Amino acid sequence: MGFSPRQAPVFLAAIFAPSILLVGLFIVYPVVNSVGLAFTDASPLSSGRSFVGLENFVYLLEDGEFWEVLWNTVFIVGAATIIATACGYGLATLLISGIRAAAIFRAAIFQVWVVPWIVIAILWGWLFSQDYGLVNYLLMQVGLIETPVKWMFDQKASQWAIISGYAWRAIPFIMVICLAALQGIPSELVESAAIDGASFLQRQRYVILPLMQNIIMVAALLQAVRFFQEMTMIFVLTQGGPINATMVLSLYTYKTAFEDWDFGLASAIGTVWLILLMAFALLYVRVALRRNLA
Amino acid sequence: MNAEALRTGSKPLPRRRSEVVYRLSRLATSISLHALVVASLAILLLPIVWMLSTSFKPLADVFSYPPQFIPRNPTVESYTTQFTGLLGRYFLNSVIVGLLSAILATGAGALAAYGLSRYRLPGRNAILMFFMASLAFPIPLLMISMYLMFVQLGLLNTYIGLVIGHTVITLPVCVWLLKNFFDQLPVEVEEAAFVDGASRAYTLFRIVLPMARPALGASAIFVFVTSWNELLFGLTFVSSTSMRPLPAGISMSFLTEFEGAWSEMMALSVMVSLPIFLLFTVFQRTFMSGVTAGAVKG
């Protein structure tokens with residue numbers, strides 16, 4: 001269906017012009033140009049730039065720091081995505097289980113999604129403050145720890161402080177998507193399973209989860225993509241420290257480019273990042289296709 | 001029905017002896033479910049409650065032990081005294097950049113989305129896939145070349161530079177969102193307009209876009225919120241203090257100035273969150289209403 005483009009070439013050119021201009025000038029050109037810069041020693045501090053071949057890439061792959069950053073990114077983004085998805089799905093299941101005032105609960109939880117990242121960064125600094133922070137106080141009250149944790153000065157602890165912030169912020173998004181999908185499951189399916197004697201867990205495992213699998217995957221992936229880009233919390237709280245424990249790809253590229261002013265190396269990092277993304281996308285499409293065929 | 005079945009299971013009719021047990025277990029399940037929801041809600045909202053609570057405390061009470069959840073000596077001092085003209089300027093910058101980005105991204109996105117939805121274009125799916133994929137592009141990689149361009153064009157330290165940055169990272173979502181909306185809009189409305197002799201531009205601007213108001217609103221709010229959140233462009237494309245949007249301005253000037261002054265920092269946090277909170281609260285209903293009603297009336 002739809003109109004033939006031949007009927008209105010001028011009209012079509014006019015309505016596509018703004019976005020073609022924006023995308024061409026400020027997405028396609030910068031990406032292509034930056035990938036080109038990765039093979040140079042470009043820097044805004046020096047006027048000339050020369051071709052250095054694969055030097056930046058060789059440096060990067062031989063440098064232990066890059067692999068460390070890559071692993072940190074995968075760990076922080078992965079852990080936050082898994083936690084947010086599990087909690088978001090769990091909450092959606094709870095809210096649909098016939099409790100009273102579910103709409104009010106949903107609206108209240110949704111408020112978390114409204115909090116800007118810069119606010120989360122400041123707020124987490126206060127919550128995880130070593131001496132007066134609420135988190136240390138509560139953990140000590142419950143008896144999980146005996147002395148206050150130095151959240152921002154311990155490598156593992158700082159990673160978990162960041163992960164908790166990421167996960168907290170993403171829970172409402174996952175919850176809203178899961179809730180919508182859960183409401184779309186025909187009630188006859190679940191009821192007939194119940195009549196056949198399936199317990200709550202069995203219904204989850206054999207009826208609901210298989211139906212939800214795809215939508216959960218999509219929601220988690222979207223969230224992971226956003227986490228990859230996000231760096232406000234880390235920039236404000238730790239600057240990537242202590243000893244690079246919270247240094248993630250986005251902050252690492254940013255710092256290399258705009259603090260060290262090494263555009264060549266930063267472009268190389270960004271290019272590797274882009275290649276990894278494409279590899280992952282190809283892999284994902286393959287797996288998804290195979291599953292659909294099976 | 002669904003929910004009922006999920007909670008209790010439709011067991012065969014209980015015999016009289018076990019009916020009491022059955023009812024009791026149902027009640028217990030219900031109570032524990034409610035308790036679970038309330039507990040999760042308490043944990044999730046604790047950071048927000050703590051932020052509000054701290055913001056209304058005088059400095060002496062901020063560090064009290066055990067912590068006070070309800071301020072014993074509430075004061076609004078932190079909201080009024082500390083932040084001077086600079087904060088107002090950051091707010092203004094963020095509002096201007098957010099509004100302009102919302103208009104540009106939603107406008108350009110709506111036009112392209114309409115074309116993609118209504119015309120049999122070659123490579124239509126490839127274009128949509130590209131838009132989706134571009135969401136994952138490393139933003140710092142884009143920024144390196146954009147920075148060099150903006151130096152040449154003299155767009156550093158301007159609203160235009162920031163608006164362009166915020167527009168290109170949100171445009172793909174706008175196109176997707178609006179295309180989905182146009183796909184659901186009945187094409188008969190436009191065909192009727194064409195039969196009546198309306199031009200394509202007239203039909204788009206006077207008939208289709210007014211019907212798309214809720215979707216346009218959703219798209220604009222998405223862009224504004226993303227822009228409000230965005231730190232990177234504000235850090236790199238702006239070097240003069242007075243041109244910084246909120247996140248960049250706060251992280252460059254207030255963080256060190258107010259280090260340890262948690263009631264002020266929390267008051268600041270509340271103020272920065274408030275516009276987004278209001279935006280969502282006020283426009284939640286507008287989204288839902290009149291999506292199809294508009295088509296019938298028009």
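Note that the coordinates shown come from a computational prediction; the quantities given were computed from them, not determined experimentally. Throughout, a chain's letter reflects where its sequence line sits, starting with A, and its residues are numbered from 1.
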- prompt: For B/V62, is it the side chain, the backbone, both, or neither that has a heavy atom closer than 4.5 Å to a heavy atom of chain A?
  reply: both
message: Do B/W262 and A/L123 have side chains that approach each other closer than 4.5 Å (heavy atoms only, starting at C-beta)?
response: no
query: Between B/F150 and chain A, which part of the residue has a heavy atom less than 4.5 Å away: side chain, backbone, both or neither?
result: side chain
message: Counting only non-hydrogen atoms closer than 4.5 Å, does A/I120 touch chain B with its backbone (N, CA, C, O), its side chain (CB onward), both, or neither?
response: neither
field: Evaluation steps, side chain to side chain contact (heavy atoms under 4.5 Å, CB included), between A/Y29 and B/M149
entry: CA-CA 10 Å; A/Y29 167 75; B/M149 280 172 90; 3.6 Å; yes
- prompt: Within the distance-only criterion (no hydrogens, no angle test), does the side chain of A/Q229 pair as donor or acceptor with the backbone N or O of B/F137 below 3.5 angstrom?
  reply: yes
message: Under 4.5 Å from any heavy atom of chain A, what part of B/L36 do you find: side chain, backbone, both or neither?
response: both
- request: Below 4.5 Å from any heavy atom of chain B, which atoms of A/I27 appear? Answer side chain, backbone, both or neither.
  value: both
statement: In terms of heavy-atom contacts, A/S34 and B/L141 come closest through OG-O, 2.7 Å
field: Validation row: A/L37, B/L148 side chains within 4.5 angstrom (heavy atoms)
entry: yes
Proximity breakdown for A/Q111 and chain B, heavy-atom pairs closer than 4.5 Å: both
- prompt: Going by heavy atoms in the side chains, are A/F16 and B/L111 under 4.5 Å from each other?
  reply: no
- prompt: What part of B/F205 lies closer than 4.5 angstrom to a heavy atom of chain A: side chain, backbone, both or neither?
  reply: neither
field: Under the side-chain hydrogen bond (donor to acceptor under 3.5 Å, both in side chains) test, residues paired with B/S55 that sit two or more places apart
entry: B/Y79
field: Cation-pi, A/F3 ring and B/R200 (6.0 angstrom, 45 degrees)
entry: yes
